[in-house]
Amino acid sequence: MKKCLICDGELIKFAEFGPMPIANGFLKEEDFENEYFFDLEVAYCEKSKMVQLINQPKPSQMFHENYAFFSGTSKNMGKHFELFADYVIDTHLKNIASPFVCEIGSNDGILLKNFKKKGIKHLGVEPSSNVANVAKQAGINTIVEFFDPECAKKIVKEHGEADAFLAANVMCHIGSIKSVVEAIKILIKDDGVVIFEDPYLGEVLKNTTYDQIYDEHVFLFSISSIQFLFNQFDMEIIDVFPQKTHGGSMRYVIANKGMKKISKKVGEFTNIEIEEGLTDIDKLHNFNDNCIRHKEDLMSLLKKLKSDGKTIAGYAATSKSTTVMNYCGINSNHLDCIYDTTPLKQNKYSPGTHVLIKPHSEFKNNYPDYALLFGYNHLNEILEKEKDFIAKGGKWIVYVPKLHII
Ligand code: SAH
Ligand code: TMP
């Protein structure tokens with residue numbers, strides 16, 4: 001049996017989603033035969049309080065020169081990262097003469113471009129060369145590497161120690177997270193800050209958004225588990241900020257112990273986690289029951305619509321949709337295709353379930369009766385953009401927080 005990635009403690013399995021392909025592994029027909037699958041199983045460690053996958057594919061299987069997720073595809077996320085940069089600058093860099101910020105998982109530069117614009121020294125660490133190249137072409141300093149202690153030493157040698165270490169939607173991707181924290185200790189100044197955000201366990205449990213569970217998301221963080229992890233390295237959470245992004249996330253601000261004032265929010269939110277049972281295995285078993293119910297409800301709706309002769313298309317081939325489609329068994333018997341704006345995904349097939357991905361530009365000429373919204377985290381942006389679909393009688397199937405039709 002595998003052990004906890006944080007403390008080597010015993011793992012308690014509480015959910016199984018079945019054989020799962022690489023979430024961003026959009027593929028061509030000739031590659032169907034050799035498609036890679038692993039068992040998507042989720043466990044909890046009562047000691048570290050960390051929810052984690054039991055198996056994760058190798059990083060090189062997920063992050064490479066054909067990585068399919070480009071952060072810049074959502075306008076609202078662009079705005080979110082502009083505000084993220086403002087927060088970092090106004091709260092943590094204000095009194096520093098020539099600050100240096102380093103971000104891992106910097107992707108196409110969606111966050112760092114806001115530092116570049118203000119002339120702030122920055123560096124992105126991004127192993128997927130295709131998305132990193134988009135950033136480099138925009139003049140954002142980026143190195144194509146996985147972040148680890150060796151990489152941190154190299155950065156310090158070439159650029160000096162960082163005032164702020166930043167990360168969004170990447171810390172929860174890295175199984176060797178302890179080596180990342182070691183690397184952070186090497187990289188930042190003694191009084192430097194670590195600021196990162198990831199999907200939040202509390203929101204996943206509340207909304208039954210089990211689609212946040214896929215190969216890349218090896219961890220589902222809570223304040224309690226992050227506190228446990230960083231405590232092992234003599235660091236502590238000094239502030240927390242809930243975020244609306246990705247269906248509900250949490251931003252953590254961390255520093256070396258005793259270096260900064262701790263906001264009282266840290267204690268308050270930790271107590272809420274305990275009161276709400278986030279550190280309680282019963283709550284996780286209950287989540288699993290909710291997932292099973294969610295799958296049954298969604299499938300009976302899709303089957304009913306098909307038997308009534310309705311056409312259905314998927315909207316946005318998100319990484320999350322890979323879990324929903326494979327777990328529920330949604331395939332080309334239910335969906336005619338999935339429309340998506342990312343050129344790298346178009347004219348390929350969805351991982352595991354092999355539904356054709358078509359360019360978003362074709363949606364307006366081929367409105368289905370129903371569109372199954374896989375990108376529910378972009379709901380407002382998409383409803384605004386697709387007013388004509390509703391005007392022409394189209395309906396949205398939304399499955400978060402509850403299955404409903406718009
Ligand atoms: N920060 C962006 C991108 C998130 S996707 C956003 O929030 O939109 C996760 C990114 O992390 C991918 O671009 C992936 O290539 C990168 N990544 C994965 N493992 C990494 C590691 N060990 N070090 C640095 N980046 C990593
Ligand atoms: P994610 O941020 O939830 O992972 O979703 C990103 C995917 O959604 C990406 O493939 C682009 C797609 N998308 C659309 O197709 N249309 C849209 O309007 C938005 C916001 C995203």
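For reference, positions follow the sequence shown, starting with 1. Whatever order the structure lists them in is the order used to number ligands and atoms, beginning at 1.
Annotation: Lys385, atom NZ; neighbour count of heavy atoms from other residues, nucleotides and ligands within 6.0 Å is above 12. Counting non-hydrogen atoms of neighbouring residues, nucleotides and ligands closer than 6.0 angstrom, the NZ atom of Lys395 reaches no more than 12 such neighbours.
Where the criterion is an N or O separation shorter than 3.5 Å, residue side chain and backbone included, Asn107 meets it with respect to ligand 1. Residue Asp340 places at least one N or O, backbone or side chain, under 3.5 Å from an N or O of ligand 2. The shortest N or O to N or O distance between His378 and ligand 2 is under 3.5 Å. By the 3.5 Å distance cut-off applied to N or O atoms, Glu126 is counted among the residues near ligand 1. For ligand 2, one of its N or O atoms has an N or O atom of Thr341 under 3.5 Å away. In terms of N/O distances under 3.5 Å, ligand 2 is not approached by Glu381. In terms of polar-atom proximity, Gly105 is counted as a contact of ligand 1, with an N or O under 3.5 Å from an N or O of the ligand. Among the atoms of Ile110, none of the N or O lies under 3.5 angstrom from an N or O of ligand 1.
For Asn169, heavy-atom contacts with ligand 1 shorter than 4.0 Å involve the backbone as well as the side chain. The residue Phe70 has no part lying near ligand 1, judged by heavy-atom distances below 4.0 Å. Using a 4.0 Å cut-off between heavy atoms, Asn76 makes no contact with ligand 2 at all. At a heavy-atom distance under 4.0 Å, no atom of Phe70 approaches ligand 2. Counting heavy atoms under 4.0 Å from ligand 1, residue Phe147 touches it through both backbone and side chain.
Look at Lys3 and Glu10 and you find a salt bridge, because one of the NZ, NE, NH1 or NH2 atoms lies within 4.0 Å of a carboxylate O, short of that distance. Taking a cutoff of 4.0 Å between a charged side-chain nitrogen and a carboxylate oxygen, Lys13 and Glu16 qualify as a salt bridge. A salt bridge is absent between Lys185 and Glu182: the closest approach of a Lys/Arg side-chain nitrogen to an acidic carboxylate oxygen does not fall below 4.0 angstrom. Taking 4.0 Å as the cut-off between side-chain N and carboxylate O, Glu203 and Lys206 count as a salt-bridged pair.
The shortest non-hydrogen separation linking Ile405 to Tyr370 is CD1-CE2, 4.0 Å. Across Ser332 and His354, no two heavy atoms sit closer than the pair OG-O, 4.4 Å.
Cation-pi geometry between Lys265 and Phe241 is met: the NZ or CZ atom falls under 6.0 Å from the ring centre, inside 45° of the normal. Because its NZ or CZ atom is both nearer than 6.0 Å to the ring centre of Tyr327 and within 45° of the ring axis, Lys295 counts as a cation-pi partner of that residue. Judged by a 6.0 Å distance limit and a 45° cone about the ring axis, Arg251 is not positioned over the six-membered ring of Phe196.
Nearest protein heavy-atom contact of atom 4 (O) of ligand 2 is Phe69 CE1, 3.5 Å. At the shortest separation from atom 8 (O) of ligand 2 among protein heavy atoms lies Ala316 CB, 3.5 Å. The shortest contact between atom 5 (O) of ligand 2 and any protein heavy atom is with Thr318 CG2, 3.2 Å. Of the protein's non-hydrogen atoms, the one nearest atom 12 (C) of ligand 1 is Tyr67 CE2, 3.5 Å.
Annotation for ligand 2: atoms under 4.0 Å from non-hydrogen atoms of Thr342 are 9 (C), 10 (O), 11 (C). Close approach to Lys345 involves these atoms of ligand 2, each under 4.0 Å from a residue heavy atom: 9 (C), 10 (O). Counting the atoms of ligand 1 from 1 in the order shown, those under 4.0 Å from a heavy atom of Phe69 are 5 (S), 8 (O). Residue Lys385 approaches ligand 2 through these ligand atoms, each under 4.0 Å from one of its heavy atoms: 16 (N), 17 (C), 18 (O). Taking every heavy atom of Ile174 and a limit of under 4.0 angstrom, the matching atoms of ligand 1 come to 21 (C), 22 (N). Counting atoms of ligand 1 from 1 in the listed order, those under 4.0 Å from a heavy atom of Val125 are 24 (C), 25 (N). Near Ser71, the atoms of ligand 1 lying under 4.0 angstrom from a non-hydrogen atom of the residue are 2 (C), 3 (C), 6 (C), 8 (O). Atoms of ligand 2 found under 4.0 Å from any heavy atom of Lys320, numbered from 1 in the order shown, are 1 (P), 3 (O).
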* To do: Could you please spell out the steps behind the ring-ring contact (aromatic ring centres under 6.0 Å, His included) verdict for Tyr349 and Phe32?
  => CA-CA 9 Å; Tyr349 290 85; Phe32 287 175; 5.2 Å; yes
* Asked: Stepwise, does the ring-ring contact (aromatic ring centres under 6.0 Å, His included) test hold for His92 with Tyr87?
  -> CA-CA 8 Å; His92 299 284; Tyr87 161 74; 5.2 Å; yes
* Criterion side chain to side chain contact (heavy atoms under 4.5 Å, CB included) on Glu161 and Phe100, from CA distance to verdict -> CA-CA 8 Å; Glu161 290 176 333; Phe100 171 37; over 6 Å; no
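Each of Glu197, Met250, Gln227 was checked for a side chain to side chain contact (heavy atoms under 4.5 Å, CB included) with Val240, and the lone residue meeting it is Met250.
The closest approach between Ala317 and ligand 2 falls below 4.0 Å for a heavy atom of the residue. Heavy atoms of Pro127 come nearer than 4.0 angstrom to ligand 1 in at least one pair.
Between Tyr315 and Tyr339, a ring centre-to-centre spacing not shorter than 6.0 Å is recorded.
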